[in-house]
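Worksheet: one structure, shown below.
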Amino acid sequence: MPTKTRILYNFLMMTPTVFLASAALGGGLTVIEPTPSPIAPSQSINTDWGGLYVGGQFGLASIDSDALREGSDGIGAGAHAGYLFDLGRIVLGAEIDFNLTDIESVDDDFALSSAGSVKLRAGYDAGDFMPYIAAGSSQAKLSGAIEDTDTGTFAGVGVDFLINNGMRIGAEVVQYQFENFAETGNDFDATAAGARLSFRF
């Protein structure tokens, strides 16, 4: 084969190889990236605080009065029921509760055996927790040197936390005042702090 013919033949044979290599190096090959899988939305707690609820409470309480030589401390436990209206960020409602206590002062022949209250609540819907204020009327039963029942007023603060859509826990601190208890001329102040567990229906 003549020299010129051989050179032309070799050039024609190399052309497809050079073209394919240039296409590969020049980004001619397309890389297919995997499509990310969609992330399922997480399950969230329904933060609607409205509705009927019932539950129980347990805590500590102390009573102070000029009629006592020293303050008396003890524990109390009871039940509560109420209804809340969730108006957006504001939560309003009412509640009743009843407690049995073992607060007594042996030296003064004085004991507080039970107490109940009717309260109004106003809270702030912060999602899964709700701080609130409360106020209302309370009735206490004394035994011993003063054997009678009378009513007073109270005010306090608290906070509730959602555990799930049907259960919540909370804490509350309340200050009670009983003036001229049962017309005896004696004033009593009481402070109670406790934990709460409630179930919504």
Side-chain angles (χ1 to χ4, degrees), residues 49 51-85 90-126 129-161 167-200:
W49 291 88
L52 175 69
Y53 63 93
V54 297
Q57 65 272 357
F58 176 84
L60 304 175
S62 64
I63 294 180
D64 189 25
S65 172
D66 293 337
L68 303 176
R69 283 172 285 184
E70 60 182 3
S72 299
D73 303 321
I75 61 175
H80 61 263
Y83 196 95
L84 294 176
F85 298 90
I90 302 301
V91 181
L92 302 177
E95 179 183 300
I96 58 173
D97 65 39
F98 181 77
N99 296 276
L100 296 176
T101 75
D102 71 343
I103 303 174
E104 61 180 339
S105 174
V106 176
D107 294 340
D108 293 303
D109 187 22
F110 165 87
L112 172 64
S113 57
S114 64
S117 64
V118 177
K119 70 175 69 172
L120 298 177
R121 301 176 64 187
Y124 176 76
D125 185 347
F129 73 99
M130 180 187 68
Y132 64 88
I133 58 175
S137 176
S138 181
Q139 185 178 74
K141 181 179 181 180
L142 303 183
S143 59
I146 301 177
E147 192 85 27
D148 215 328
T149 301
D150 203 354
T151 59
T153 59
F154 72 91
V157 296
V159 60
D160 282 344
F161 297 90
M167 182 171 66
R168 64 189 67 156
I169 60 174
E172 188 176 74
V173 178
V174 179
Q175 177 71 32
Y176 299 87
Q177 289 186 333
F178 297 90
E179 298 182 356
N180 190 21
F181 192 92
E183 303 297 330
T184 62
N186 297 315
D187 297 335
F188 293 91
D189 293 330
T191 303
R196 297 158 49 94
L197 174 64
S198 305
F199 299 91
R200 189 181 74 164

What pair of heavy atoms forms the shortest contact from [X] to [Y], and how long is it?
X      : Y      : answer
Gly185 : Asn180 : N-OD1, 2.6 Å
Ala61  : Ile103 : CB-CD1, 3.5 Å
Ala67  : Asp108 : O-OD1, 4.4 Å
Tyr53  : Ala94  : OH-O, 4.1 Å
Ala111 : Glu104 : CB-CB, 3.7 Å
Ile63  : Ala190 : CG1-CB, 3.9 Å

Any sub-3.5 Å donor-acceptor pair from [X]'s side-chain atoms to [Y]'s backbone N or O?
X      : Y      : answer
Asp102 : Ile75  : yes
Asp97  : Ala79  : no
Arg69  : Asp107 : yes
Ser138 : Gly116 : yes
Thr101 : Leu112 : yes

Are the side chains of [Y] and [X] in contact, using a 4.5 Å heavy-atom criterion?
X      : Y      : answer
Glu179 : Asp187 : yes
Val91  : Tyr132 : no
Glu172 : Lys119 : yes
Trp49  : Arg200 : no
Ile146 : Phe188 : yes

Would you say Gln175 and Thr191 are linked by a side-chain donor-acceptor pair, where the criterion is simply a distance under 3.5 Å?
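Their side chains do contain a donor-acceptor pair, which is all the 3.5 Å distance test asks for.
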
Apply ring-ring contact (aromatic ring centres under 6.0 Å, His included) to Phe85 and list each qualifying residue two or more places apart in sequence or on a separate chain.
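Phe85 satisfies ring-ring contact (aromatic ring centres under 6.0 Å, His included) with Tyr83 only.
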
Rounded to the nearest 0.5 Å, what separates atom [atom1] in [X] from atom [atom2] in [Y]?
X      : Y      : atom1 : atom2 : value
Phe98  : His80  : CZ    : NE2   : 15.0 Å
Asn99  : Gln57  : CG    : CD    : 4.5 Å
Asp148 : Leu142 : CG    : CG    : 8.0 Å
Ser137 : Ile96  : OG    : CD1   : 13.0 Å
Phe110 : Ser72  : CZ    : OG    : 6.0 Å
Lys141 : Asp150 : NZ    : CG    : 14.0 Å

Specify whether Phe181 and Phe178 have parallel, tilted or perpendicular ring planes, treating 30° as the upper limit for parallel and 60° as the lower limit for perpendicular.
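Judged by the thresholds at 30° and 60°, the geometry between Phe181 and Phe178 is perpendicular.
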
Over 12 non-hydrogen atoms of neighbours within 6.0 angstrom of CG in Leu52:
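Yes, the 6.0 Å shell around CG holds more than 12 heavy atoms from other groups.
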
Other residues, nucleotides, ligands: >12 heavy atoms within 6.0 Å of Ile133 CD1:
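Atom CD1 in Ile133 is not packed in, count stays at 12 or less.
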
